[in-house]
Amino acid sequence: MLFNTSHKNEEYTIESATLVGKPFRLLQRIKQGGIGSGRLMIREVSPKLNLGKVEFSEIDYGNIELRPKGIIVHYTKKLERFSWIIPYYRLVIYNAQSFSIHANGNFIQFLKNKNYKENKKFINKMIQLKNEYLNLGYYDY
């Protein structure tokens, strides 16, 4: 689900807690070594997530937040901030020429540049948490 989170949004707070769980507590964040990625450069966004803007004209960035039952992808369009809630059971990650996150027929592609390399450890942690949550022991990390 996609929400405009430029301002406080009660519906987003309720839906995010329902779909992906409440945010990790401070002690859990410290034990995990952080729950948020650094910023990643967005290459392309699916039409449903683009929200009226035909092309990315300026450099847009996004970041990923871990939750107990899923992730939230935050990104900005001009002066507005959007949050895309993705439960682990719907999350699909492709890592080819670009790094992309897919769910419900939508996607966000990130460039594989310096920012991606700095977040590689975080991405591996995200895949590991997904596999643990879904009890998928047959994947290599």
Side-chain angles (χ1 to χ4, degrees), residues 1-137 139-141:
M1 299 188 84
L2 184 68
F3 291 94
N4 183 336
T5 54
S6 303
H7 305 287
K8 187 170 180 168
N9 187 335
E10 283 296 321
E11 186 181 353
Y12 161 75
T13 306
I14 294 167
E15 283 295 318
S16 65
T18 303
L19 290 174
V20 293
K22 292 185 179 182
F24 287 107
R25 295 176 187 247
L26 180 62
L27 192 58
Q28 292 170 316
R29 291 179 188 203
I30 294 169
K31 284 181 183 178
Q32 289 185 359
I35 57 143
S37 72
R39 63 186 203 165
L40 296 160
M41 265 185 172
I42 296 176
R43 178 176 173 218
E44 186 180 354
V45 175
S46 66
K48 285 185 181 179
L49 298 178
N50 214 356
L51 300 172
K53 188 174 169 191
V54 178
E55 285 288 322
F56 274 66
S57 56
E58 66 275 344
I59 298 173
D60 287 322
Y61 292 95
N63 66 328
I64 304 166
E65 175 188 348
L66 296 175
R67 292 281 182 101
K69 298 187 283 185
I71 65 169
I72 301 177
V73 179
H74 302 283
Y75 63 99
T76 57
K77 297 267 192 193
K78 296 191 178 183
L79 296 174
E80 295 186 305
R81 180 176 171 89
F82 295 97
S83 298
W84 183 24
I85 302 170
I86 308 170
Y88 282 135
Y89 64 88
R90 294 187 184 233
L91 175 64
V92 179
I93 299 169
Y94 290 103
N95 200 356
Q97 291 178 344
S98 61
F99 168 70
S100 61
I101 293 176
H102 297 251
N104 296 338
N106 298 313
F107 67 89
I108 292 183
Q109 285 185 347
F110 298 101
L111 291 174
K112 279 188 150 180
N113 58 6
K114 179 182 153 191
N115 294 348
Y116 169 79
K117 290 176 184 166
E118 292 171 358
N119 287 301
K120 185 70 174 138
K121 188 176 178 183
F122 174 82
I123 292 167
N124 288 336
K125 182 183 356 176
M126 177 177 64
I127 293 168
Q128 180 182 1
L129 286 173
K130 175 189 174 184
N131 291 343
E132 288 172 4
Y133 179 77
L134 298 175
N135 292 322
L136 300 175
Y139 286 111
D140 292 331
Y141 310 28

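Start at 1 with the first residue, then count along the sequence.
Taking both residues in full, the closest heavy atoms of K48 and N106 are given as CB-OD1, 3.3 Å, listed atom of the first, atom of the second, then distance. Here the closest non-hydrogen pair linking Y88 and L66 is OH-CD2, 4.0 Å. The two residues S6 and E80 make their nearest non-hydrogen contact at OG-CA, 3.1 Å. Nearest heavy-atom pair across A103 and I86 is CB-CG2, 3.6 Å. Between K69 and T18, the shortest heavy-atom distance links the atoms NZ-O, 3.6 Å. Annotation for N4 and R81: closest pair OD1-O, 3.2 Å, computed over non-hydrogen atoms.
By the 30° and 60° cut-offs, the orientation of the rings of Y94 relative to H102 is perpendicular. The aromatic rings of H74 and Y12 lie perpendicular to each other, with more than 60° between the two planes, well past the 30° mark.
From I108, atom CD1 reaches atom CG of L49 across 5.5 Å, with rounding to the nearest 0.5 Å. Atom CD1 in I64 sits 5.5 Å away from atom CG in L40 (nearest 0.5 Å). Atom CD1 of residue I123 and atom OH of residue Y116 lie 4.5 Å apart, to the nearest 0.5 angstrom. The OG1 atom of T76 lies 7.0 Å from the CD1 atom of I42; values are rounded to the nearest 0.5 Å. To the nearest 0.5 angstrom, L134 atom CG is 10.5 Å from L129 atom CG. Here the CG-OH distance, from L111 to Y61, works out to 9.5 Å after rounding to the nearest 0.5 Å.
Counting heavy atoms from C-beta on, the side chains of V73 and F110 come closer than 4.5 Å.
Put simply, the side chain of K130 never gets that close to the backbone of I71: no donor and acceptor are under 3.5 Å apart.
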Side chain to side chain contact (heavy atoms under 4.5 Å, CB included) evaluation trace for N95 with K112: CA-CA 9 Å; N95 200 356; K112 279 188 150 180; 2.8 Å; yes
Start with the C-alpha distance between E44 and F107, add both sets of side-chain angles, then the distance that settles side chain to side chain contact (heavy atoms under 4.5 Å, CB included), and finish with yes or no. CA-CA 8 Å; E44 186 180 354; F107 67 89; 3.9 Å; yes
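Evaluation of the side chain to side chain contact (heavy atoms under 4.5 Å, CB included) rule for P23 yields R29, R67 as partners, not counting sequence neighbours.
Listed by first then second residue, pairs satisfying salt bridge (Lys or Arg N to Asp or Glu O under 4.0 Å) with a partner in residues 2-16 read K8-E10, not counting sequence neighbours.
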